[in-house]
Amino acid sequence: WMGVVELSTAAGEVRLQVTQRHDLNNRRHVVHGGVLATVLDSAMARAARTLEEGLELGGTVDLHVQFMQPAEGRLVAMGRVESSTRALAFCRGEVRNEAGELVAGGTATMRLRRVG
């Protein structure tokens, strides 16, 4: 629904893109903070799943988002795993606008689940 596109995936890192649309805006006509939080959470969660084959996300345990400035246009979110244990991945993420300016940053703890 949000139109999130995966740009790249590597071990421990994922880049996503979302483009501003009217229905993603708040009343000030900029991208709603909930959209930024969602795309950050998604980028960090996807990054956590890249740590090993067959790994699934058990859920977001903790999410913190800092909003730096209004977000408009094409936005790129990057999520990366800073460190991990057998059960948890500690992640950091950011969202940047087309000019490369930081519009939001965040951290998350993800619960990891192994299939089988």
Side-chain angles (χ1 to χ4, degrees):
W1 173 80
M2 284 179 31
V4 175
V5 175
E6 190 170 289
L7 297 177
S8 65
T9 302
E13 187 171 306
V14 170
R15 290 170 40 91
L16 305 176
Q17 176 181 291
V18 65
T19 302
Q20 183 180 19
R21 301 188 321 249
H22 174 74
D23 56 339
L24 299 180
N25 288 348
N26 62 22
R27 62 186 172 91
R28 292 185 354 227
H29 308 289
V30 295
V31 177
H32 190 280
V35 171
L36 298 175
T38 299
V39 75
L40 268 173
D41 183 51
S42 183
M44 291 184 283
R46 291 180 193 204
R49 288 196 312 265
T50 68
L51 293 176
E52 65 183 67
E53 187 76 26
L55 194 60
E56 290 187 6
L57 188 68
T60 302
V61 175
D62 186 58
L63 176 66
H64 295 270
V65 179
Q66 300 84 37
F67 302 101
M68 308 302 186
Q69 63 177 311
E72 299 179 278
R74 185 180 60 84
L75 305 169
V76 174
M78 185 276 300
R80 86 174 153 271
V81 177
E82 297 281 312
S83 65
S84 64
T85 67
R86 180 148 175 79
L88 299 171
F90 303 94
C91 304
R92 183 170 303 280
E94 59 183 36
V95 179
R96 293 187 179 268
N97 62 20
E98 292 177 80
E101 300 167 320
L102 185 65
V103 297
T107 58
T109 305
M110 303 293 175
R111 178 156 310 280
L112 304 174
R113 188 176 70 166
R114 283 158 179 81
V115 179

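- The heavy-atom pair separating A89 from V81 by the smallest distance is CB-CG1, 4.3 Å.
- Using a 4.5 Å heavy-atom cutoff, the side chains of V103 and M68 are not in contact.
- Each of T60, L51, V61 was checked for a side chain to side chain contact (heavy atoms under 4.5 Å, CB included) with M110, and the lone residue meeting it is T60.
- No side-chain heavy atom of V39 sits less than 4.5 Å from a side-chain heavy atom of L75.
- The backbone N or O of R86 sits less than 3.5 Å from a side-chain atom of R114, completing a donor-acceptor pair.
- We find the CG-CG distance between D41 and L63 to be 5.0 Å, quoted to the nearest 0.5 Å.
- Among all heavy-atom pairs drawn from A45 and L57, the shortest one is CB-CD2, 3.3 Å.
- Atom OG1 of T107 is separated from atom CD of E94 by 13.0 Å, given to the nearest 0.5 angstrom.
- No side-chain heavy atom of Q17 sits under 4.5 Å from any side-chain heavy atom of V4.
- Cluster membership for V35 and V65, using ILVMFWY side-chain heavy atoms within less than 4.5 angstrom, is shared.
- By the criterion of side-chain heavy atoms lying less than 4.5 angstrom apart, applied directly or through intervening Ile, Leu, Val, Met, Phe, Trp or Tyr residues, V31 is not grouped with V76; the two fall into different hydrophobic clusters.
- Distance check: E72 CD to T19 OG1 gives 13.0 Å after rounding to the nearest 0.5 Å.
- If you chain together hydrophobic residues whose side chains sit under 4.5 Å apart, V18 and V95 fall into the same group.
- The backbone N or O of T38 lies less than 3.5 Å from no partner atom in the side chain of S42, so there is not a single donor-acceptor pair.
- Side-chain atoms of F90 and T85, non-hydrogen and from C-beta on, do get closer than 4.5 Å to each other.
- In this structure, N25 and H32 have side chains that are not in contact, with every pair of non-hydrogen atoms separated by 4.5 Å or more.
- A71 and V30 make their closest contact through O-CB, 3.5 Å (heavy atoms, listed as atom of the first residue, atom of the second, distance).
- Formation of a donor-acceptor pair under 3.5 Å by the Q20 side chain with backbone atoms of H29 is found in this model.
- Contact detail for M2 and L24: the closest heavy-atom pair is O-CD1, 3.9 Å.
- Judged purely by distance below 3.5 Å, without hydrogens or angles, the side chains of T50 and R46 never pair a donor atom with an acceptor atom.
- No more than 12 heavy-atom neighbours from other residues, nucleotides or ligands sit within 6.0 angstrom of CD on E53.
- Contact of the L16 side chain with the L7 side chain is not registered, since no non-hydrogen atoms from C-beta on lie closer than 4.5 Å.
- Linking Ile, Leu, Val, Met, Phe, Trp and Tyr whenever their side-chain heavy atoms come within less than 4.5 Å leaves L102 and V14 in two separate clusters.
- Between R113 atom CZ and E56 atom CD the span is 4.5 Å, to the nearest 0.5 Å.
- Residues L55 and A48 approach most closely at CD2-O, 3.4 Å, considering heavy atoms.
- In this structure, E82 pairs ionically with R80, as a charged nitrogen and a carboxylate oxygen lie closer than 4.0 Å.
- Between the E13 side chain and the A47 main chain, no donor and acceptor come within less than 3.5 Å of each other.
- Within 6.0 Å of the CZ atom in R96, the count of heavy atoms belonging to other residues, nucleotides or ligands exceeds 12.
- Nearest heavy-atom pair, A104 versus F67, reported as atom, atom and distance to 0.1 Å: CB-CD2, 4.3 Å.
- Between the CG atom of L88 and the OG1 atom of T109 there is a distance of 6.5 Å, given to the nearest 0.5 Å.
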